[in-house]
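Residue numbers begin at 1 in each chain, while the letters A, B, ... track the order of the sequences. Here the structure is a predicted model, which means the values were calculated and not measured.
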Amino acid sequence: MSETMSGAEMVIKAMQDQGVEHIFGYPGGAVLPIYDAMFHQDKVKHILVRHEQGAVHAAEGYARSSGKVGCVLVTSGPGATNAITGLTDALLDSIPLVCITGQVPTHLIGSDAFQECDTVGITRHCTKHNYLVRSVEDLPRILHEAFYVAANGRPGPVVVDIPKDVQFAMGQYEKPQSNQHKSYRPQMDGDRSKIRAAVELMANAKKPVFYSGGGVINSGDEASALLRELVRLTGYPITSTLMGLGAYPAADPQWLGMLGMHGTYEANMAMHDCDVMICIGARFDDRITGRLNAFSPNSKKIHVDIDPSSINKNVRVDIGIVGDCASVLKDMLAEWKALNKKPDPKAIAPWLNEITTWKAKDCLAYRGSKTTIKPQYAIERLYALTKDKDPYITTEVGQHQMWAAQYFRFESPNRWMTSGGLGTMGYGLPAAIGTQMAHRDSLVIDIAGEASILMNMQEMSTAVQYRLPVKIFILNNEYMGMVRQWQELLHGSRYSESYSESLPDFVKLAEAYGGKGIRCSDPAKLDDAIREMIDYPGPVIFDCLVEKMENCFPMIPSGKAHNEMIMNDLSDDAGVEIGNIIDQKGKALV
Amino acid sequence: MTQSHYSDAPASSIPARHTLSILVDNEPGVLARVAGLFSGRGYNIESLTVSETEHEKHVSRLTIVTTGTAMVIEQIKHQLDRLIPVHRVIDLTVQGDAIERELALVKVTGRGEQRSEALRIAAAFGARTLDATLNSFVFELTGASEDIERFIRVMAELGIAEVSRTGIAAMSRGAEAL
């Protein structure tokens with residue numbers, strides 16, 4: 001049964017029909033009719049952010065921690081352009097979002113009207129798909145289709161740009177029977193013969209390794225459960241990308257830790273020396289592979305990905321399986337159980353022994369201190385004191401993000417929200433707000449750096465307004481730490497513009513926003529200060545003053561292979577001048 | 001030195017010319033999406049033709065000629081397939097000996113003996129004369145791109161004023177349809 005309503009009311013009605021409970025946004029001239037339609041209902045709750053970038057990151061945190069589609073509502077012109085960074089972030093990390101943007105009235109499009117920009121033109125390359133709605137008749141279909149496109153296949157952000165006259169226009173709204181796109185049908189089930197061939201290859205491996213990624217998280221809880229079952233059944237070791245942390249429990253003995261540029265020694269060595277690599281929902285990103293022509297030179301590679309364009313993009317694989325992780329993993333399990341000749345567990349015993357010797361190197365060990373807080377120590381203590389509360393962790397981007405990935409240990413999926421592909425400083429606080437919105441009673445911590453946090457500091461105001469007790473745990477080393485580390489390694493320790501000059505007093509800043517501020521610089525007092533933070537019922541900024549010159553290791557330097565990691569100064573390689581390791585060509589890379 | 005984070009271009013693979021047929025929803029901006037994908041990812045378009053082929057379904061057919069190594073062509077196909085309004089992408093070149101045709105309009109100017117020579121050549125190539133004045137002809141030639149190239153080269157000797165080409169329309173041989 002169809003109802004007559006305005007375009008603006010259709011937006012809210014479609015959200016309700018999609019089961020949307022929260023939308024993150026910021027009003028403006030070109031979306032006023034939608035805000036008015038929202039005023040007359042209370043099913044869809046609006047969270048007023050302080051900057052549109054914050055709205056998109058909040059929706060990302062909401063989506064990634066809950067498995068739902070995140071929703072954003074912003075106005076035309078600057079509202080839309082401010083959302084671009086968040087949309088690009090969501091595209092690179094495959095986060096399902098629907099972003100409604102207002103647009104100037106249809107007859108003014110192209111006239112350089114006030115707050116006009118070519119939103120569909122600008123967002124074409126930073127969305128999975130986008131729409132300019134030219135007529136109210138198209139609006140119900142497009143709104144529902146947007147949710148389908150965002151959530152199905154490889155998830156991603158979808159923009160629906162709605163001119164103001166279309167918002168006012170009256171039309172017929174009917175909830176469609178199906179919100180499927182007319183032609184877009186992502187392939188969910190993998191090719192069974194390829195899956196069989198993959199399992200044969202796995203069963204005969206002598207040095208196998210699983211390499212999983214964010215695709216497993218995106219596929220849903222079932223995919224994580226199936227991955228655990230398959231990995232345990234095979235007895236093979238497993239590593240994961242930054243985006244995939246939590247899909248496999250970090251406490252498990254088969255877990256090798258994260259791989260890649262700041263991955264563990266054992267994970268990267270296993271990737272380099274393996275004979276069969278089983279990649280599930282990861283995309284051979286350059287942070288993962290290191291030097292491509294030295295990447296895992298002797299392995300047969302199996303790649304499971306829902307996006308066919310990810311297969312053979314950077315690395316040639318032997319068996320590429322297009323499909324959803326959960327579906328393919330289920331088939332892999334069935335094929336493994338149906339194997340005629342059961343694999344001999346002894347066949348991989350030497351490999352597991354080799355891995356044990358790599359683990360013995362204890363690559364994450366660091367030199368402790370009684371006088372200053374080591375950033376690694378701060379994360380270790382934060383983990384130890386919060387792990388029983390099943391916390392949700394978001395991060396900004398930089399050294400603190402890598403330390404969090406290394407020293408915080410994740411047992412479940414959807415607990416770890418970080419900007420991987422785009423590396424967006426300023427992601428963590430709004431993402432924590434979105435996460436807290438989806439999990440009101442959970443502990444949500446944004447592990448931050450003092451430089452990153454200032455990029456979207458204004459969202460503290462949002463946290464206070466909605467009584468979201470997010471904890472901002474700043475590893476304050478007064479430097480853009482990762483920039484400083486690279487300047488040390490590549491540019492003769494010339495710390496050009498990487499010192500965080502004129503920092504605010506974070507304790508006073510927290511108080512100014514109406515939150516609580518805590519500062520700690522003494523390792524002996526750290527535990528009590530962290531407990532104080534956890535126990536406080538509102539938003540907290542924790543200014544943790546850490547060792548300023550600490551670097552993040554292990555590290556695969558630019559232009560190097562997995563087996564050419566540089567280690568911290570506790571290892572045998574101590575005293576090597578790092579700047580000399582990287583050649584000119586390596587310096588040109590990021 | 002090959003110590004790069006990124007792979008060096010594989011020395012062994014040679015770029016080849018491929019003709020792709022793409023079925024898309026004929027909706028606003030679809031050509032911009034396809035063209036933007038090529039420019040955004042650094043691929044090359046040598047020729048592009050597009051027109052709606054099924055009016056009721058609003059489906060258009062694009063024919064794109066591009067050049068790249070096998071790996072690049074595979075990526076182009078996958079990236080095109082990712083665009084939501086794209087239904088199908090077919091590489092006619094790997095499918096085998098596809099039929100490729102192009103239409104060219106060629107304006108030739110001249111007087112005297114050159115005019116009769118131009119008419120003789122046009123007849124030899126099977127070109128139609130669409131327009132004639134005392135000092136000009138407009139010829140229409142349909143054929144493979146090489147034939148058109150040859151025609152234009154010969155006519156250039158006689159004084160070409162203007163050339164307009166459609167780019168390639170292509171189709172596979174045999175009963176199988178896209």
Side-chain angles (χ1 to χ4, degrees), chain A residues 120-121 124-132 134 138 145-146 148-149 152-154 156 158 181-187 261 284 286-287 289-295 305 307-316 320 322 556-561 564 581-590, chain B residues 1-13 20 22-43 53-54 56-62 68-91 178:
Chain A
V120 286
R124 188 162 290 138
H125 303 284
C126 63
T127 54
K128 182 177 174 187
H129 193 46
N130 61 16
Y131 300 87
L132 171 61
R134 290 171 188 277
D138 297 333
E145 205 175 274
Y148 177 84
V149 171
N152 285 275
R154 181 175 181 176
V158 176
H181 186 272
K182 60 184 161 184
S183 58
Y184 177 60
R185 295 284 176 283
Q187 187 179 335
M261 186 172 264
F284 296 93
D286 56 69
R287 300 295 97 164
T289 59
R291 177 152 57 97
L292 263 181
N293 57 7
F295 174 68
D305 203 302
D307 180 356
S309 73
S310 282
I311 293 172
N312 289 332
K313 181 169 65 180
N314 301 330
V315 170
R316 271 273 159 203
V322 178
I556 303 175
S558 297
K560 294 289 175 181
E564 299 173 292
I581 296 176
I582 304 171
D583 56 42
Q584 281 304 325
K585 199 165 172 183
K587 285 181 187 176
L589 303 169
V590 288
Chain B
M1 297 294 279
T2 55
Q3 303 212 327
S4 167
H5 233 51
Y6 306 101
S7 67
D8 290 331
S12 52
S13 53
L20 308 179
I22 307 149
L23 288 185
V24 300
D25 288 325
N26 186 14
E27 60 183 32
V30 69
L31 187 59
R33 286 183 206 280
V34 172
L37 189 146
F38 276 77
S39 61
R41 292 189 182 262
Y43 308 140
T53 48
E54 293 171 65
E56 309 79 50
K57 291 191 201 160
H58 299 289
V59 168
S60 287
R61 183 170 174 141
L62 277 79
T69 62
M71 204 156 165
V72 168
I73 298 289
E74 187 188 333
Q75 263 300 300
I76 290 176
K77 274 159 49 189
H78 287 318
Q79 294 293 349
L80 284 168
D81 242 338
R82 276 178 98 190
L83 298 176
I84 306 296
V86 167
H87 295 219
R88 285 194 77 190
V89 183
I90 300 293
D91 187 341
L178 190 67

Residue part contacting chain B, namely of A/Leu132, when any heavy atom lies under 4.5 Å: neither
Give the C-alpha distance, both sets of side-chain angles, the deciding distance and a yes or no for side chain to side chain contact (heavy atoms under 4.5 Å, CB included) between B/Arg33 and A/Val120. CA-CA 10 Å; B/Arg33 286 183 206 280; A/Val120 286; 5.9 Å; no
Non-hydrogen atoms of B/Met71 and A/Asn312 that approach each other most closely: CE-O, 3.3 Å
Quick one: do A/Arg154 and B/Arg82 satisfy side chain to side chain contact (heavy atoms under 4.5 Å, CB included)? Show the steps, please. CA-CA 9 Å; A/Arg154 181 175 181 176; B/Arg82 276 178 98 190; 3.6 Å; yes
Could you give me the CA-CA distance, side-chain angles and deciding distance for B/Glu27 and A/Arg134, then say whether salt bridge (Lys or Arg N to Asp or Glu O under 4.0 Å) is met? CA-CA 12 Å; B/Glu27 60 183 32; A/Arg134 290 171 188 277; over 6 Å; no
Between A/Ile311 and B/Glu74, what is the shortest heavy-atom contact and its length? O-OE2, 4.0 Å
Check whether any side-chain heavy atom of B/Asp25 sits under 4.5 Å from a side-chain heavy atom of A/His181, and report yes or no. yes
Closest non-hydrogen atom pair, B/Ala32 against A/Arg124: CB-NH1, 3.2 Å
Chain B contacts, top residue of A/Ser183, A/Ser310, A/Pro186 (heavy-atom pairs, under 4.5 Å): A/Ser183
Honestly, the part of A/Arg185 sitting under 4.5 Å from a heavy atom of chain B is neither
Given that the side chain runs from C-beta out, which part of A/Asp307 has a heavy atom under 4.5 Å from chain B: side chain, backbone, both or neither? side chain
Per-residue contact mode, A/Lys182 against chain B (heavy atom under 4.5 angstrom): side chain
